[in-house]
Structure formats: structure tokens, C-alpha cells
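Scroll down for the structure; my scribbles are underneath it.
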Amino acid sequence: MARYIFVTGGVVSSLGKGLSSASLAYLLQSRGYKVRIRKLDPYLNVDPGTMSPFQHGEVFVTDDGAETDLDLGHYERFSGISAKKSDNITTGKIYSDVLKRERQGNYLGKTVQVIPHITNRIKEFIKNDLAKEDFVICEIGGTVGDIESLPFLEAIRQFSNEAGRKNTLFIHLTLVPYMKASDEIKTKPTQHSVKELRSIGIQPDIIICRSERSIPLDQRKKISLFCNVAIDDVIETVDVKTIYEAPISFNKEKLDERVLKYFKIKSKKKVNLLPWKKITQLVLNTKNKVNIAIIGKYVELKDAYKSLDEALTHGGIANNLKVNLIRIESDFLKPNEIKNRLKGVSGILIPGGFGKRGTEGKIAAVNYARKNKIPFFGICFGMQMAVIEFARNKLNIKNATSSEFGPSKASVVGLMSEWTKNGKLMKGTDKDLGGTMRLGSYEARLKKDTKISKIYNSLKIQERHRHRYEVNINYKEDFENKGMIFSGLSPDNKLPEIVELKDHPWFIGVQFHPEFKSRPLIPHPLFSSFIKAAKSIRKNEKS
Ligand code: GLN
């Protein structure tokens, strides 16, 4: 039977529960165990797919086409395990499921209630779709004390009672602030947060204390005493310089050791921290840098392009370079300022996006990259912008646009009504917005002797998608005659997946999101190649 580890958070949000869970997953895996990580989100949205990146950061997409919380990206990058639809549940999903069953009469006329119906469904989700994992780590979103998270906390309390305390472990992550004025580390918020948790019936077994500074023994003793945990189970996590240091630091603090001890099991293998040590060294010591501009609508919020930022860093790691991201808000990018704003950059990237706002700035940036032979990478919406720019300026379709921005006679990018997946016909819609895009992993066939086939070193690839619009295949010949090659297509040859310019050192647009599959230990070839191209035109930038 699987052992369950529940990770809750207290005092404040954004303490790094996701990173802690992902690091623990890596450590347990490295010790020879099979691990699965899940996220339980207390908000009412069915999934984050329809939420603004300003609200919720990036929407992460899994191979099987789920739009999930960005923490699943951390999990994948650290553990190397591809997440699935069944790994992210929300209150919205649970409620819509229970209400559907109620309408179908499945509750046989009973009064449907939070306890037991909602909590039972949560428990079913926790156990659902497992494949003989030794450990299932479940992170509960939000902070203890939130009204919304109560059903989840109640469900995990019941779960532990049913599965047995020896098969479940509660980890609580809290903030231990440092007060500058009195030069003191304060444990009171942790005490209160644990008190709150205990009032719901959950006694944490391990407390991870996030702190700016190392926590002195006296304060650890205090936490141990007031929170009723062994002193060795009070684990500190002092801010790390790079996230890649997190598995090293948790191992040093013996988190994985304490977890195994709790479950009374031994390590099957010696932990391998070498890959993380190498990456940390590289990231911290590399002096040379390359300036890459990201032009998007959500650049103000760092988490909005989380996987992308990570993938670019991985591309830097592959080239022994620090990637300096210059975030440019597309709304304020006036076409006549482009030259000035992009003067010092060695690569231009336009990421995924939705809606018309800010598109003219993006199109002008594509034009600048194309004409000045600056490495250009267009991802999803970015590829669509590249195609529109090319249609306007090289094919002379002056009003070329996307039907996403309204009806037009010159939509070189149009709404997809249907497409095939593994021989099955799929249909799109623009009415119900949630979960109706072309989502998840799809195959693309690459044209021989193109830049893209050399980068992947393959003629068949699988990448993750999340979009509703598509470049119109009927323009293929016109584009190719002018030098923009459709170098990757869907297996039925109907959907353009990749475009590239013949006479440009590195100008590639992809309809998918390669950033979701890049991992620090295995950088994605497209990002390594893009950074390599940027490196070659770099003007000796030092950090
Ligand atoms: N808005 C575009 C579409 O739906 C692009 C989406 C994206 O970049 N993820 O096709």
C-alpha cells in the first residue's frame, strides 16, 4: 500500500510548499522509491485554465491535456515524473462532480452534505489512479485557517484515520520571521498556525520552518515543545540562492531521513545529489550572460511565465551562460521605440498569449528580429504573431490578422473547428471556455534537412499544446515561396506546427509549448539551441 504524505502551509502563502514537496519527491525517488505528487487546490474554479495569469501565475499543461496549477511544473522538473490529469483537483472539480452525481440520483435521495459527500470525494481523488507508488505526496493549497481549505483538511484528517497513522505523515510548512528591531527569530506565528491545525484534529509530524536565517537551538526547542513534535522533526529551510539548491538543503536538514524514519523503512539506495550540486555551481558561478527579451502581456508578474523562465535558465545551463531576462510589457511597446528598447538583446522571445491587446508591439518586435537577424523564438501565440508579420510584410497581405481578434477576410490564423488526435476527431468551440482548447501532447512530423529537425535530431516529436487558433495551412505554398518554411506539421498534414525562416540564423515559431517539457537535468533542445544562437551574436555581456 502507498504511504501518504500531506503537506500543509501556515502563517503566509508563497512559502514554497510546491518546491518543498518537489524536493522531497526527488530525495525519496533517489533513495529508490516510486513517488507521485498531487496538488489539492481549495479554489472554486474547476481548473486554473480560465484564470488570468495575474491571478494565478502560469497555467501548466500535462501530457494528457489537463490545465493545472503551476506547482505541477515544479513537480515534473524536480522529480522527472510526468504529471497527469488526476494529480490536480480543486474544490470546483469536486463540487461539480458531486452535484452531477446528485442530479443523476446517485445519492438515493439522501441530503448531500460537505461531510461526508464532499470529503468522501476528496478522499477518492487522493487514492485514485495510482500505479503502485510507494509514496503519494499531496500538497494542500492555501494556508491553514482559510475557510476554503477546511473540507480538504477535514478530508485528510479522516483519510489518516482510515489509512492508519503509520501510513500517513503530516508535514506543516510555516514562516519563522526574523525581527530586525529586536534581532530575534519569532516562533509565535508557527505556534498559532499549529494550534489552528490541531483544532481541526491534525497533529503535524514534521514542521518545516522557512526562515531568513538559521534558527537557533533554543527556538527550535520552543517549537518542538509548543507544537508537540520531536526536536529532530523541526526542520529549518533557510532561503536558498537558487531553487536548484533546495534538494541539497532539505537533505542536509535530514528531511528525507526523518520521513523514512517515521514510516520505519530504510533507504534502498544512497541519495544522489550530484546533478543538483553541478547545476547549483553552474548557476551561481557563471559570469557570462546573455540578454534575452521576453515580450508579453503578463511580464509584470514573474510567475506568469514560470516554465518559460525555467526553460530559458536550462538553456543557459546547457551553454554555461546566465540568461538575463529583459521583460517587456507588449502593451507599452511602441513600434517606433523597438530599436531602442531591443538594442542590447541577443535573442527575442514572444511567449503564449491571448487576445488582441499588445499585439501590434509584438508584431513590430518580430519584424525587428527578422530584419536584423536576431535569434527569434515564437511560442504558440508568438508563432502566430510571426506568421502575421510575415504575411503583412512579405506576402503583402496588409490586413493579415487572426480571427481571435474579430471577423476578418485576411485571417492567416483562424479558429480551429476540428482536428484529429490518434485518429479520433476532436471538436473545438469558442463558447464554453474551460478545457475546450487543443490541449496536451500531440505528435508533429518534421521536414527533413530543416533547422528544427536538426535541433531535435528526429523527424517525429511529441509536444504539449494549449490553443484554440491555428495557422491556416492553405497559405503554406505562399509562405514557403517567400522563405518561411512550414517545417513541422500534424501527422494528417492539416495543422502547421512549426515555421522557420530559410535565410535567418535562428528564427523559429512553434505552435506548442516546449517549455513544459524542459527540465534542469535535461534542458529542452529548442531552448539550448536558441540560447546557443543568442550566444553567438552576444556582445560580450558580463554580469
Ligand atoms: N491565443 C492563441 C490561441 O488560442 C494562442 C494561445 C497560446 O499562446 N497558448 O490559439
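Whatever order the structure lists ligands and atoms in, that order sets their numbers, starting from 1. Computation of the quantities below employed the complete heavy-atom set of this structure, encompassing side-chain atoms and omitting hydrogens, waters and symmetry-equivalent molecules.
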Review point. Using 30° and 60° as the class limits, which term best fits the ring planes of His504 and Phe507: parallel, tilted or perpendicular?
Key: perpendicular
Exercise for review: Taking the six-membered ring for Trp and the full ring for Phe, Tyr or His, determine whether the centres of Trp276 and Phe78 are under 6.0 Å apart.
Suggested key: yes
Review point. Between Trp506 and Phe376, is the gap from one ring center to the other below 6.0 Å?
Key: no
Practice item. Kindly confirm or rule out an N or O of Cys380 lying under 3.5 angstrom from an N or O of ligand 1. Key: no
Check your understanding: Does any N/O atom on Gln511 come nearer than 3.5 Å to any N/O atom on ligand 1?
Key -> no
Exercise for review: Would you mind listing which atoms of ligand 1 come within a distance below 4.0 Å of any non-hydrogen atom of His513?
Suggested key: 9 (N)
Exercise for review: Report, in ascending order of atom number, the atoms of ligand 1 lying under 4.0 Å from any heavy atom of Glu404.
Suggested key: 1 (N), 2 (C), 3 (C)
Please check if the number of heavy atoms outside [X] that lie under 6.0 Å from its [atom1] is greater than 12.
X	atom1	result
Lys398	NZ	yes
Lys93	NZ	yes
Ile522	CD1	no
Lys476	NZ	yes

Return the closest protein heavy atom for [atom] as residue, atom name and distance.
atom	value
atom 4 (O) of ligand 1	Arg468 N, 2.9 Å
atom 10 (O) of ligand 1	Tyr469 N, 2.8 Å
atom 6 (C) of ligand 1	Gly353 O, 3.4 Å
atom 9 (N) of ligand 1	Arg466 O, 2.8 Å

Looking only at heavy atoms, is any part of [X] under 4.0 Å from ligand 1, and if so is it the side chain, the backbone, or both, or is it neither?
X	value
Met437	neither
His467	both
Glu470	neither

**Study point:** Glu497 and His465 side chains, donor-acceptor separation under 3.5 Å
**Key:** yes
